[in-house]
Amino acid sequence: MAEPLTPTEMAGWRAYIESSQRLMTQLEDDLRADSGLTFADYHVLVLLSEAPDRRLRMGELASRLVFSPSRLTYQIGSMEKRGLVARESCPEDRRGSEAVLTAEGLRTLREAAPHHLRSVRAHFVDDLDEAETAVLTRVFTRLGERLRASSVAS
């Protein structure tokens, strides 16, 4: 059995969690104010912009986003109503569908990206030195890989 955390360790973790939540809330609030996008919207647009022909099968998109199929259906439906993405039948699988980035979605992403980057720098990166930024980049990359692997396994 693992050793229990000391009060100092508990306080450190609590401070980390609280500051992370405040940071993420502020970043999403800034993104929404600048572009009307949520983090989920932004992530979908980024993934579709990087995909061949700016389209991805719904299953592949769900696995990259670590979304359940029902959550992805809701997300894509919401974005489709705003003209950011479209749903089309998949040529390789008549039962499947693909999410397709629209011209409006690409324009919105291009306009939102610089604002989001400025917000991240203002709230987070500017306070870190290069070594701290490199460590956090590795941590978040590994965390993302583990979350995707966990989602695929489940």
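A single hydrophobic cluster is not seen to contain both Met24 and Leu117; linkage of ILVMFWY side chains at heavy-atom distances under 4.5 Å, directly or through other members, places them apart. Criterion: ILVMFWY side-chain heavy atoms under 4.5 Å apart, direct or through other members. Under it, Leu23 and Tyr42 are part of a common hydrophobic cluster. Grouping the Ile, Leu, Val, Met, Phe, Trp and Tyr side chains by contacts below 4.5 angstrom, directly or via other members, places Val100 apart from Tyr74.
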For this session: Please assess Arg87 against Glu80 for the test side-chain contact (heavy atoms from CB on, under 4.5 Å), listing each intermediate value before the final yes or no.
Result: CA-CA 8 Å; Arg87 251 186 288 210; Glu80 199 170 24; 2.9 Å; yes
For this session: Could you please spell out the steps behind the side chain to side chain donor-acceptor pair (under 3.5 Å) verdict for Thr6 and Thr8?
Result: CA-CA 5 Å; Thr6 67; Thr8 303; 4.6 Å; no
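Counting all heavy atoms, side chain and backbone alike, Gly83 lies closest to Thr102 at O-OG1, 2.5 Å. Contact detail for Leu45 and Val85: the closest heavy-atom pair is CD2-CG1, 4.3 Å. Residues Glu60 and Arg64 approach most closely at OE2-NH2, 2.6 Å, considering heavy atoms. For Thr108 against Ser35, the heavy-atom pair with the smallest separation is CG2-O, 4.5 Å. Closest of all the heavy-atom pairs between Leu56 and Leu47 is CD1-O, 4.0 Å. Annotation for Gln75 and Ala40: closest pair OE1-CB, 3.4 Å, computed over non-hydrogen atoms.
Under the side-chain hydrogen bond (donor to acceptor under 3.5 Å, both in side chains) criterion, Gln26 pairs with Asp30, sequence neighbours left out. Every residue two or more places apart in sequence or in another chain was checked for a side-chain hydrogen bond (donor to acceptor under 3.5 Å, both in side chains) with Arg54, and none qualifies.
More than 12 heavy atoms of other residues, nucleotides or ligands shown are found within 6.0 angstrom of CZ on Phe39.
Taken from CG in Leu109 to CG in Leu48, the straight-line distance is 9.5 Å, to the nearest 0.5 Å. Distance CZ/Arg55 to CD/Glu98: 5.0 Å, rounded to 0.5 Å. Interatomic distance, Arg14 CZ to Leu5 CG, rounded to the nearest 0.5 Å: 10.5 Å. For the atom pair Ser78 OG and Asp41 CG, the distance stands at 6.0 Å (nearest 0.5 Å). We find the CE-CG distance between Met58 and Leu72 to be 4.0 Å, quoted to the nearest 0.5 Å. The distance from atom CG of Leu101 to atom CG of Leu84, rounded to the nearest 0.5 Å, is 8.5 Å.
In this structure, Val139 belongs to a hydrophobic cluster whose other members, linked by side-chain heavy atoms under 4.5 Å apart, are Val135.
Contact check for His116 versus Asp34: no side-chain heavy atoms found under the 4.5 Å cut-off. At a threshold of 4.5 Å between non-hydrogen side-chain atoms, the residues Pro114 and Arg118 count as touching.
Look at Arg107 and Glu104 and you find a salt bridge, because one of the NZ, NE, NH1 or NH2 atoms lies within 4.0 Å of a carboxylate O, short of that distance.
For His43 and Phe67, the ring centers are positioned 6.0 Å apart or more.
Ser119 places no side-chain N or O within donor-acceptor distance of the main-chain N or O of His115, the cut-off being under 3.5 Å.
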